[in-house]
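Everything on this sheet refers to the single structure shown next.
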Amino acid sequence: MSQTPTSPLTRPELIRHANFIAGQWTPGPGALLPVTNPATGEVIASVPDSGAPEALAALQAAHAAFPAWRALPAKQRAAIIKRWNDLVVAHTDDLGRLISLEQGKPLAEGKGEVAYAASYIEWFGEEATRMNGEVIPAPVPGRRMFALKEPVGVVAAITPWNFPAAMIARKIAPALAAGCTVVCKPAEDTPLTSLALVLLAHEAGVPAGVLNIVTASREKTPEVVDVWLDDARVRKITFTGSTPVGKHLARRSADTLKKLSLELGGNAPFIVFEDADVEAAVQGFMAAKFRNGGQTCVSPNRVYVHAQVHDTFARLLAEKVGALIVGPASDPHSQIGPMINERAVQKIERHVQDARARGAKVLTGGRRLTELGATYYAPTVLTGADATMACACEETFGPVAPLTVFESEEEVIAAANDTPFGLAAYFYSRDVRRIWRVAGLLETGIVGVNEGALAAEAAPFGGVKESGYGREGSTHGLEDYLHTKYVCQGGLD
């Protein structure tokens, strides 16, 4: 493909137009899936709109490659993964531009995502050599008892569009480190970054068949994924996306009892107590909420502010939000890019209109920025929000901050937990006793205390309740790709 004038890649061959199966770039069935720039609607490239035959071919390649890959000494697997990390870091500029082109986030954020993705690849490259088992004290003479760690087998990874590099890294790097082989279906909106990362993994020395990727449209995705769900050779599904889809995957996996890692929907509360450092709370909220235009799974969705500090917090927040620069990634000054597609903007509009109809007031934003294009929405602050509004019940996944007043700790904890979801929560307080009390009472897998930026490769990332199960990152992230085998040897006396 020719270089894009606004964001040229120094290595144009990073933009791939084919599936990667058994170490070869292979065309699909003939139908193509166009990939567009959400800022302009321009078609960047086309990839295969694959179906069941391609999914099966990828699975067969991964299954055939598994015995040799699992038998490779962990140190050698680690060396390959570390070379992959080095290549990702070396191509930060091009990968950052590619993310910006197909996902829309500002270039600085695109490059930041590459660094974040690389941190997981590096981490799991190091963890590959630390899959330690244990020796268990035997209860009787003449016996030795061991617990060994073994790879689960073929892993099917299904990734979302909002972090096309980071989500690939968080799923594929631990799978490879554990000795698993992989079939992957990236999001239909952002397949190009995933394909580029697979190219770099191949260049790093990942053997043929160990890592396979198949692209498909939203309509064809069930056909692809159902092949993997129904086949007993796939031993694990790892998925990031909506709760309804996660439940479908869990149900369909039951017949073959696959291992599952599901990072699903969120409805994160952000609580500002009366003893909080209000300015720090505003800064933390800006970091948590407006990264990627609010299109993150841990983005605060409900904002609870104590009555004593509400007006100050609202004023300072509106000033910060109103000053954000919205524009395409091609503008180096942009801080908020376009939403991923028209459906995303329609949902944001629906939430804001519903809130206003129920009595909320707009302090800043509250409209489409049609002068920039069809997929831009102004960062918005609402006051007077309550639990009856759609923005409190559904994940907005956009740059909207609805503020709700509260009076007591008990009241706000009950409100924060009054949701089927439990991925992340945030709160600001300077009372040490309250910090530990509230952190323990919040029903989420992740809690940010006086901190808006939570994710790190060394930390376990995942939710509770209908936000899923399993963890990504940390030693726990590697464990999710391993089985524990008990070996008992007798007759030694």
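With hydrogens and angles ignored, the 3.5 Å screen pairs a side-chain donor or acceptor of Lys289 with a backbone N or O of Val400. A donor-acceptor contact shorter than 3.5 Å links the side chain of Thr380 to the backbone of Ala378. A distance-only check finds a donor-acceptor pair linking the side chain of Arg302 to the backbone of Ala416 [under 3.5 Å]. In this structure, the side chain of Asp480 engages the main chain of Arg471 through a donor-acceptor pair within 3.5 Å. Side chain of Trp228 to backbone of Ala55: a donor-acceptor contact under 3.5 angstrom is found. At distances below 3.5 Å, at least one donor-acceptor pair connects side-chain atoms of Ser334 with backbone N or O atoms of Pro328. Not one N or O on the side chain of Ser474 forms a donor-acceptor pair closer than 3.5 Å with the backbone of Ala458. Formation of a donor-acceptor pair under 3.5 Å by the Glu42 side chain with backbone atoms of Asn37 is not found in this model. Between the Ser100 side chain and the Gly96 main chain, a donor and an acceptor come within less than 3.5 Å of each other. Asn450 places no side-chain N or O within 3.5 Å of a backbone atom of Ala280 that could act as its donor or acceptor partner.
Looking only at side-chain heavy atoms (C-beta outward), Pro164 and Glu113 come within less than 4.5 Å of each other. Using a 4.5 Å heavy-atom threshold, the side chains of Lys259 and Thr238 count as separate. Side-chain contact between Lys347 and Met339: absent, with no pair of heavy atoms (C-beta onward) separated by less than 4.5 Å. Put simply, the side chain of Val155 does not reach to within 4.5 Å of the side chain of Val183, judged on heavy atoms. For the pair Arg291/Val298, a side-chain contact is recorded, criterion being any heavy-atom separation below 4.5 Å from C-beta on. Side-chain atoms of Leu324 and Met286, non-hydrogen and from C-beta on, do get closer than 4.5 Å to each other. Two residues are said to be in side-chain contact when any heavy atoms from C-beta on lie closer than 4.5 Å; Lys149 and Thr484 meet this criterion. Proximity of Thr190 to Met167: side-chain heavy atoms (C-beta onward) are nowhere separated by under 4.5 Å.
Counting non-hydrogen atoms of neighbouring residues, nucleotides and ligands closer than 6.0 angstrom, the CZ atom of Arg368 exceeds 12 such neighbours. No more than 12 heavy atoms of other residues, nucleotides or ligands shown are found within 6.0 angstrom of NZ on Lys320.
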Pair Ser429-Asp431, side chain to side chain donor-acceptor pair (under 3.5 Å): steps then yes or no: CA-CA 6 Å; Ser429 171; Asp431 183 329; 5.7 Å; no

Between Leu363 and Thr383, is a side-chain contact (heavy atoms from CB on, under 4.5 Å) present by the stated rule, with each step listed? CA-CA 7 Å; Leu363 292 189; Thr383 58; 3.5 Å; yes

Asp93 vs Lys111, side-chain contact (heavy atoms from CB on, under 4.5 Å): CA-CA, chis, key distance, verdict: CA-CA 6 Å; Asp93 288 349; Lys111 292 181 180 180; 3.3 Å; yes

Walk me through it: do Ile348 and Thr396 pass the test side-chain contact (heavy atoms from CB on, under 4.5 Å)? CA-CA 6 Å; Ile348 295 167; Thr396 303; 4.1 Å; yes

When you look at Phe239 and Leu260, which way does the side-chain contact (heavy atoms from CB on, under 4.5 Å) test go after all the steps? CA-CA 8 Å; Phe239 169 72; Leu260 290 167; over 6 Å; no

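Each ring pair (Phe, Tyr, Trp, His ring centres under 6.0 Å) pair with one or both residues in residues 348-390, not counting sequence neighbours, would appear here, but there are none. The ring pair (Phe, Tyr, Trp, His ring centres under 6.0 Å) contacts involving residues 384-430 comprise Trp161-Phe397, Phe270-Tyr426, Phe270-Tyr428, Phe273-Phe406, His306-Phe406, where partners must be two or more places apart or lie in separate chains. For residues 235-249, every residue pair satisfying the salt bridge (charged side-chain N to carboxylate O under 4.0 Å, His left out) rule, not counting sequence neighbours, is listed here: Lys247-Glu466. A ring pair (Phe, Tyr, Trp, His ring centres under 6.0 Å) check over residues 433-482, counting only residues at least two apart or in different chains, returns nothing.
Taking every heavy atom of both residues into account, Pro402 and Cys391 meet most closely at CB-SG, 3.8 Å. For the pair Asp386 and Ala392, the tightest heavy-atom approach, listed with the atom from each and the gap, is O-CB, 3.5 Å. Across every non-hydrogen atom of Leu95 and Ala196, the tightest pair is CD2-CB, 3.9 Å. In terms of heavy-atom proximity, Asp354 sits nearest to Met389 at OD2-CA, 3.5 Å. Nearest approach of Glu451 to Ala453, heavy atoms of both residues: OE2-N, 3.0 Å. Taking each heavy atom of Ile213 and Leu195 in turn, the nearest pair found is CG2-CD2, 3.5 Å.
With rounding to the nearest 0.5 Å, the separation of CG in Asn301 from CD in Glu394 is 9.5 Å. Between the NE2 atom of His248 and the OG1 atom of Thr243 there is a distance of 14.5 Å, given to the nearest 0.5 Å. Rounding to the nearest 0.5 Å places CD of Glu457 at 11.5 Å from CD1 of Ile121. Rounding to the nearest 0.5 Å gives a distance of 8.0 Å between CG of Asn341 and OG1 of Thr36. Distance check, rounded to the nearest 0.5 Å: CG of Asp189 to CD of Glu102 gives 9.0 Å. Rounded to the nearest 0.5 Å, atoms OG1 (Thr215) and NZ (Lys185) are 8.0 Å apart.
Shown here are the side chain to side chain donor-acceptor pair (under 3.5 Å) partners of Glu122, two or more places apart in sequence or in another chain: there are none. Listed by chain and residue number, nothing satisfies the ring-ring contact (aromatic ring centres under 6.0 Å, His included) test with Phe290 (two or more places apart in sequence, or in another chain).
Side-chain contact, Glu342 with Gln346: a donor N or O sits under 3.5 Å from an acceptor N or O. Between the side chains of Glu472 and Ser261, no donor-acceptor pair is found at a separation under 3.5 Å.
Phe163 carries Lys105 over the face of its six-membered ring, with the cationic atom under 6.0 Å from the centre and within 45° of the normal.
Contact check on Arg434 versus Glu274 returns a salt bridge, with a Lys/Arg side-chain nitrogen under 4.0 Å from an Asp/Glu carboxylate oxygen.
The aromatic rings of Tyr120 and Tyr116 sit perpendicular, their planes meeting at an angle over 60°, well past the 30° parallel limit.
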